[in-house]
Trainee: 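Here's a structure for you.
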Protein chains: 2
Amino acid sequence: MKLTILFGGASFEHEISIVSAITLKEKLSDSDLSFVFCDQDHTFYLIEPSKMRATTFSKGEYKKMPKLVLSKGAFTQKSMFSSKEHAGIFLNLIHGADGEDGSIAALLDFYSIKYIGPRIDASVFSYDKRYTKWLCNERGIKSVKYEELSSKEHSNIKIPYPVIIKPARLGSSIGVSIVKEEGELDYALDSAFEYDKSVIVEPFLEGVKEYNLAGFMANSVMHFSIVEEPHKEEFLDFEKKYMDFSRSDRALKADISAELESKLKKTFIKVYKNLFEGSLIRCDFFVVEGEVYLNEINPIPGSMANYLFEDFQASIELLANSLPHAKRAKVNYDYIHSITKAKGK
Amino acid sequence: MKLTILFGGASFEHEISIVSAITLKEKLSDSDLSFVFCDQDHTFYLIEPSKMRATTFSKGEYKKMPKLVLSKGAFTQKSMFSSKEHAGIFLNLIHGADGEDGSIAALLDFYSIKYIGPRIDASVFSYDKRYTKWLCNERGIKSVKYEELSSKEHSNIKIPYPVIIKPARLGSSIGVSIVKEEGELDYALDSAFEYDKSVIVEPFLEGVKEYNLAGFMANSVMHFSIVEEPHKEEFLDFEKKYMDFSRSDRALKADISAELESKLKKTFIKVYKNLFEGSLIRCDFFVVEGEVYLNEINPIPGSMANYLFEDFQASIELLANSLPHAKRAKVNYDYIHSITKAKGK
């Protein structure tokens with residue numbers, strides 16, 4: 001299968017996207033892979049597979065590689081007298097801003113480029129944690145209660161300590177803090193507001209069980225990964241998550257009952273259906289007293305959660321062959337014709 | 001003020017966007033206007049203001065005009081040896097798909113082009129009528145109850161007749177029918193499903209009062225239009241709406257109490273704030289027994305609802321000078337540097 005990995009982006013998660021892409025190069029070695037890099041200035045570059053290492057980007061060497069522009073159905077490499085198209089199916093691997101906020105989805109849809117990744121709507125409901133809560137409420141999915149702050153003024157926080165403070169729109173734990181008492185709150189809010197003008201406050205649930213499950217729909221059938229109980233620390237800070245994004249060893253299946261596994265899958269389907277088609281997502285769940293709570297949707301999980309799938313290569317191929325395509329309106333100028341006719345023009 | 005009107009789009013509302021643009025040419029005659037047309041193939045053209053008439057498009061004459069491509073901060077006209085940038089502030093006047101579904105917003109944001117129009121999130125919550133209901137529920141705004149159908153199978157519709165059938169994601173009454181009895185239902189569903197794979201059913205409220213109100217935020221202050229009681233027919237079909245999109249005569253202020261006007265404005269603010277900044281929207285309300293219900297959000301209203309504003313030109317200038325801009329992450333490769341250092345590479 002021919003597949004192009006699109007990575008980078010003007011995002012706080014730019015560097016973990018590079019790590020993800022390097023990891024997928026290994027995990028999808030049976031595919032005919034190409035790599036398109038989006039730099040922080042939103043210029044696209046075609047990257048030689050042999051140059052897919054971190055220093056190509058950190059040292060700016062990518063700037064010597066061919067620039068690409070978006071065109072109908074392809075990224076195109078233009079020179080004075082010729083142009084070469086890079087078409088086929090793309091995998092949107094830009095984590096955070098650009099990739100997960102709906103921008104890349106809109107660009108690829110607009111230029112009729114086929115891709116694996118969340119569509120615009122799905123991006124909006126997963127990128128902004130407030131809208132994820134709305135999705136939960138409307139679809140009957142349990143989620144942790146929250147309060148929203150739009151300024152550092154916090155005298156009215158009702159949730160008792162410990163709380164967790166998160167920027168509304170970032171992933172990978174950037175700007176996230178656990179606050180055990182009021183004295184720590186100001187610093188935590190400063191960190192969070194550095195990244196977003198909206199911040200959410202949630203109770204920090206101690207002793208809660210966490211389970212991750214990935215999946216996708218292909219040919220109207222849901223395909224699930226194994227359920228993993230992620231390595232438990234208070235929470236993963238950015239550097240640990242960074243390493244987490246390069247995971248490639250198969251994870252261990254969580255030791256849970258068939259009943260709980262079925263509950264997790266049912267909740268996953270409630271999240272996914274009629275919204276996330278075309279994408280492989282990872283849902284991170286909390287389980288409290290046997291009840292499943294959605295913590296987070298990762299519509300472009302780190303290294304595509306390859307480590308959760310029994311046959312990751314086959315899963316990606318299955319999904320790539322079952323992508324939704326937008327129906328586009330045909331314009332025939334019927335109304336203008338009939339109106340200009342009526343006006344005698 | 002220099003302003004470029006972006007219109008057209010691969011949308012069922014392509015033709016009414018042309019009508020809107022021609023209307024704005026007159027209504028914004030004190031501005032230095034340019035026109036960029038997006039055809040149904042998603043190619044952009046620079047249109048001479050003197051050529052802004054319907055037949056330029058219906059007869060395909062626009063194809064002889066200069067093509068433009070998106071580039072950083074501008075639409076660029078490229079020839080073999082030179083390129084000319086068309087920069088400045090744009091007004092997104094593409095109704096329906098492309099313009100109101102978040103695509104154009106994403107494109108303009110991605111290329112750092114300043115524009116009047118709904119951002120990606122705002123587009124998702126106004127373009128899809130289901131998500132507008134979610135917004136209402138979450139923000140404490142009353143809306144008409146509804147049911148969703150994803151296939152013509154309708155044995156379980158609980159709302160009593162008469163009902164109104166709407167495709168979930170189209171504006172301008174396209175595919176909308178009033179169904180008075182079950183015998184009319186199949187035909188109405190056929191029409192609606194022609195345009196969308198999701199259809200919503202609402203009770204058809206007879207004898208309800210309708211009021212339209214437009215507004216925008218500039219420099220953190222809300223600016224409202226007059227409230228209009230729209231010309232009442234059962235509902236506006238496409239041809240009537242089409243004519244409606246070319247409205248340019250000042251509307252009459254509805255004869256309502258100060259109390260009701262204040263209620264409408266309060267509801268408008270609940271819809272707008274922290275979501276629609278950067279856009280001038282029109283909200284269409286129902287009033288039932290003194291209670292305000294949101295019927296529809298038009299994030300790019302026909303001819304920008306110019307006829308509702310006392311000084312439309314000044315309103316657009318005010319908004320154009322107070323546009324939100326997305327904060328973009330800076331990438332400095334700190335993590336890659338520290339990790340490659342630790343590895344001794």
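For clarity, every value in this text was computed on a predicted model and none was experimentally measured. A note on names: the letters A, B, ... follow the listed sequences, proteins ahead of strands, and every chain is numbered from 1.
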Trainee: Between B:Arg53 and chain A, with a heavy-atom cut-off of 4.5 Å, which part of the residue counts as in contact: side chain, backbone, both or neither?
Mentor: neither

Trainee: Give a yes or no on whether the ring-centroid distance for B:Phe75 and B:Tyr111 is below 6.0 angstrom.
Mentor: no

Trainee: Select, from A:Val69, A:Asp41, A:Ile104, the one with the greatest count of heavy-atom pairs under 4.5 Å involving chain B.
Mentor: A:Asp41

Trainee: Between A:Lys72 and chain B, with a heavy-atom cut-off of 4.5 Å, which part of the residue counts as in contact: side chain, backbone, both or neither?
Mentor: side chain

Trainee: Is the centre of the B:Tyr333 ring less than 6.0 Å from the centre of the A:Phe57 ring?
Mentor: no

Trainee: Quick check: B:Phe37 with B:Phe7 (ring centres under 6.0 Å apart)?
Mentor: yes

Trainee: Tell me yes or no: between the side chains of A:Ser20 and A:His95, is some donor less than 3.5 Å from an acceptor?
Mentor: yes

Trainee: Answer with side chain, backbone, both or neither: which region of B:Asp98 has an atom nearer than 4.5 Å to a non-hydrogen atom of chain A?
Mentor: side chain

Trainee: Among A:Asn137, A:Asp109, A:Thr43, A:Asp39, which residue forms the greatest number of heavy-atom pairs with chain B at distances under 4.5 Å?
Mentor: A:Asn137

Trainee: Is it the backbone or the side chain of B:Glu194 that comes under 4.5 Å from a heavy atom of chain A, or both, or neither?
Mentor: backbone

Trainee: Using ring centroids (six-membered ring only for Trp), state whether A:Phe125 and B:Phe125 fall under 6.0 Å.
Mentor: yes

Trainee: Taking all atoms of both residues into account, what is the closest heavy-atom pair of B:Gln40 and B:His14, and its distance?
Mentor: N-CE1, 4.3 Å

Trainee: Ion pair present between A:Arg130 and A:Asp128, side-chain N to carboxylate O less than 4.0 angstrom?
Mentor: yes

Trainee: Does any heavy atom of chain B fall under 4.5 Å from the side chain of A:Ser103, the backbone, both, or neither of them?
Mentor: both

Trainee: Identify which part of B:Leu108 has an atom lying under 4.5 Å from any heavy atom of chain A, answering side chain, backbone, both or neither.
Mentor: neither

Trainee: Would you mind checking which part of B:Ala97 comes under 4.5 Å of any heavy atom in chain A, side chain (CB onward), backbone (N, CA, C, O), both or neither?
Mentor: neither

Trainee: If I measure from the heavy atoms of chain A, does B:Leu135 come under 4.5 Å with its side chain, its backbone, both, or neither?
Mentor: both

Trainee: Tell me, for A:Arg119 versus chain B, whether the close heavy atoms (under 4.5 Å) come from the side chain, the backbone, both or neither.
Mentor: neither

Trainee: Indicate, with yes or no, if the rings of B:Phe12 and B:Tyr195 have centres closer together than 6.0 Å.
Mentor: yes

